[in-house]
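Worksheet: the structure to be examined is printed underneath.
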Amino acid sequence: MLLEDSKVQIDLTKGASHTLKNLGIVYLSLYLDHDNFSLTTPDTSGELLKTPGCCTENLHVSGVANTARHLLLLLDINHPLLGHHAGCLSGTKEVSPWTRIIEITFPDSLASAADLQEVQSTLGFLQETLNAPFIGHNQRKIRQEATRLGLLPEQGVLSHDERKALPVIRRYVHGLHLGATDILLFGMISAKLHSLGCDISQLQCDDLTQKWFERMIDIAQAFEPFYMNFLRENVDLKVELEMETSNKEIGIAEEKADPVENQGEVDKTLLLKMDEIANNYQYQELDDFPVKWDSLSDLLKPQRNKVNNTNKMFQLQSILAGVHLCVKHLRSLNLPKIRIVDFCSGAGHLGIFLAHHFPDCHIILVETKWGSLRYAKERIGKLGLKNISLCLAHMEQFVGRFELGVSLHACGSLTDKVFQQCIRSSAAIVSSPCCYGKIVNSESLLYPKSERFRNIIYDHNEFFKVSRLADHESNNENYMKCVDIDRTEHLREYGYQFVGISKLKPLTCSPKNNLVVAFMD
């Protein structure tokens, strides 16, 4: 439950509180009607994440789905609006169709609708969903509940086989009971129709969708006047989509990966050229930075099944050496503060470790999974660390400025997204890549990255064949090295003066043991 003295700041986009994503969150907050929730439009100059979002203590949350879930979890970890096992909107937009609908596809299409007819056309997915029979994990229990709600006839009215053949009709998008998704969708639809001077009654819907609207109107009666008042005070009556800043080279866009054609063998001439490039490249030696693990709290040690993970400890120690080099350089620049962002932080092993070793720096963990950040938050509290913040968000939602970006085994193209973020902020980099075989072209990432490698490999599929050899060949070091040399050459093109590839020590601590270190003067 939310503590009585815990205030939750719900952040809306400054100067653009009329965006549909914001209004979905506004609608949900009005429905929850909790005194500790406050709506704000913060000064965006120092913000860490794209809005809408919310903030409580040292935790920052971004995105419609994450924000909605967090508000509900603060009230009750088993809040009814979160559904079975609190699973509503819990998946990321890459794996959950409903999260993607709420975060991207529905607000995009709804915002571009110019009139009532176009709004009508955006509701096809809603009508299709509500007309699909509800089938869940426990169909017997579902049918019992449907009978209680009057959606199925009582036992004895029909034969067992006749009754079993009847489909269970949905009352809401996720089944029989109201969920957070229903409220978010209805809030966006209501705002859009208001901006067009239209009413929900003007929509031409099938019977089941019409009944859904009627139920939502009944639910909203208590707070609808407050919502309409909010719209009148904050909306210029032209609901527009908040467009993402787009830059194809270093911008971070919503990803839609190109399919990879990886049939056939790699050209042997190309492999010889890769071997030549790799053999001529000298690894960067970093000063060893031994860590006295025995003197550290167990909370600072990565563990697996309550046993210290020795390999992970070696990895952290190697990254610490790279971070020391970069922090030493940043301090020489007399910067007012040094902010270190741990991207794809997971449970925070690396970020918490750095927060302990660099108490004068501020560490920011960026992670998409609340379960991982919740564990990190518990450890931070027990350690009493004050120089660390948590961000529950996708990497592209992070917009804060920082001086050093770090990552440990960010999978595939996520490593290159980390580099994009660092380029955007002219920040130093310490990163150990992973899963070379999973890199793919997307709207914001094209491979090879550097001009040097594009002059050697004209077909990106040939480059991907090389990257897959880095994952699957026993003698893969040269292929790993070539992928990372391409990355470092790309960094040089963006003005990084010191760029090197080092190694995690000992080499046996991970099969993916390259470590990229870079900074600008």
Side-chain angles (χ1 to χ4, degrees), residues 10 20-35 37 39 64-65 68-69 71-72 75-76 78-84 86 88-89 98 101-102 106-107 110 116 119-120 122-134 136 142-153 167-232 235 239:
I10 302 173
L20 292 175
K21 296 179 184 181
N22 277 296
L23 292 170
I25 295 299
V26 170
Y27 209 74
L28 178 64
S29 65
L30 290 172
Y31 172 84
L32 296 175
D33 189 26
H34 200 285
D35 291 340
F37 293 162
L39 298 170
V64 181
R69 283 185 55 79
L71 294 177
L72 293 166
L75 296 175
D76 186 346
N78 295 308
H79 199 287
L81 291 182
L82 292 175
H84 182 66
C88 180
L89 301 177
W98 275 108
I101 285 170
I102 287 294
F106 186 62
L110 187 61
L116 184 65
V119 171
Q120 183 85 44
T122 69
L123 303 179
F125 82 94
L126 179 61
Q127 298 188 68
E128 183 180 343
T129 299
L130 292 170
N131 278 273
F134 177 41
I142 288 171
R143 298 184 76 83
Q144 288 176 347
E145 180 67 5
T147 301
R148 188 186 69 82
L149 294 170
L151 301 175
L152 287 177
V168 177
I169 298 172
R170 294 172 183 264
R171 300 173 76 238
Y172 300 97
V173 294
H174 294 309
L176 302 179
H177 298 288
L178 179 70
T181 305
D182 297 285
I183 295 175
L184 293 170
L185 289 172
F186 188 73
M188 294 182 193
I189 295 168
S190 179
K192 181 64 181 182
L193 291 174
H194 177 78
S195 73
L196 295 173
C198 300
D199 187 79
I200 288 173
S201 62
Q202 296 175 260
L203 292 172
Q204 300 297 315
C205 302
D206 62 78
D207 183 55
L208 292 179
T209 306
Q210 186 62 44
K211 288 181 178 178
W212 179 82
F213 275 113
E214 291 171 0
R215 292 188 191 100
M216 295 307 300
I217 290 171
D218 287 343
I219 290 168
Q221 281 183 352
F223 62 89
E224 186 75 9
F226 298 99
Y227 188 55
M228 289 299 129
N229 185 57
F230 180 89
L231 293 178
R232 283 190 290 271
V235 182
V239 179

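Remember, predicted model here, so these are calculated numbers, not experimental data. Only this structure's heavy atoms are used, side chains among them; waters, hydrogens and symmetry mates stay out. Quick note: residue numbers are just sequence positions, from 1.
- Side-chain atoms of L203 and L193, non-hydrogen and from C-beta on, do get closer than 4.5 Å to each other.
- Evaluation of the side-chain hydrogen bond (donor to acceptor under 3.5 Å, both in side chains) rule for E224 yields Y27, S190 as partners, not counting sequence neighbours.
- Evaluation of the salt bridge (charged side-chain N to carboxylate O under 4.0 Å, His left out) rule for D207 yields K211 as partners, not counting sequence neighbours.
- Using a 4.5 Å heavy-atom cutoff, the side chains of T209 and L123 are not in contact.
- Taken to the nearest 0.5 Å, the CG atom of L130 stands 11.5 Å off from the CD atom of Q210.
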- Item | Derivation and outcome, side chain to side chain contact (heavy atoms under 4.5 Å, CB included), residues I101 and F125 | CA-CA 9 Å; I101 285 170; F125 82 94; 3.8 Å; yes

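- L178 meets the side chain to side chain contact (heavy atoms under 4.5 Å, CB included) test with Y31, L81, Y172, D182, I183, M216, I219; sequence neighbours excluded.
- Using a 4.5 Å heavy-atom threshold, the side chains of L185 and W98 count as touching.
- From F226, atom CZ reaches atom CG of L30 across 8.5 Å, with rounding to the nearest 0.5 Å.
- By the 4.5 Å heavy-atom criterion applied to side chains, P80 and H177 are not counted as neighbours.
- We find the CZ-CG distance between F213 and D218 to be 13.5 Å, quoted to the nearest 0.5 Å.
- Between atom CD1 of residue I25 and atom CE of residue M188 there is a gap of 7.5 Å, rounded to the nearest 0.5 Å.
- Put simply, CG on L23 and CG on L184 are 11.5 Å apart, with the number rounded to the nearest 0.5 Å.
- Counting heavy-atom neighbours within 6.0 Å of Q202 CD, excluding the residue itself, gives a total above 12.
- In this structure, the side-chain hydrogen bond (donor to acceptor under 3.5 Å, both in side chains) partners of N131, at least two apart in sequence or on a different chain, are D206.
- Closest heavy-atom contact between L72 and A180: CD1-CB, 3.8 Å.
- For H79, the side-chain hydrogen bond (donor to acceptor under 3.5 Å, both in side chains) test picks out no residue, with sequence neighbours left out.
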- Criterion side chain to side chain contact (heavy atoms under 4.5 Å, CB included) on V64 and F106, from CA distance to verdict: CA-CA 12 Å; V64 181; F106 186 62; over 6 Å; no

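- Side chain of R143 to backbone of V168: no donor-acceptor contact under 3.5 angstrom is found.
- Nearest heavy atom pair, residue I102 against residue A65, reads CG2-N, 4.5 Å.
- Using a distance-only test at 3.5 Å, with no hydrogens or angles considered, no donor-acceptor pair links the side chain of Q127 to the main chain of C205.
- Once rounded to the nearest 0.5 Å, the distance linking OG1 of T181 with CG of L28 reads 10.0 Å.
- Nearest heavy atom pair, residue K192 against residue V119, reads CG-CG2, 3.9 Å.
- With sequence neighbours left out, the side-chain hydrogen bond (donor to acceptor under 3.5 Å, both in side chains) criterion links R148 to E145.
- Looking at R69, its side chain does come within 3.5 Å of a backbone N or O of A86 through a donor-acceptor pair.
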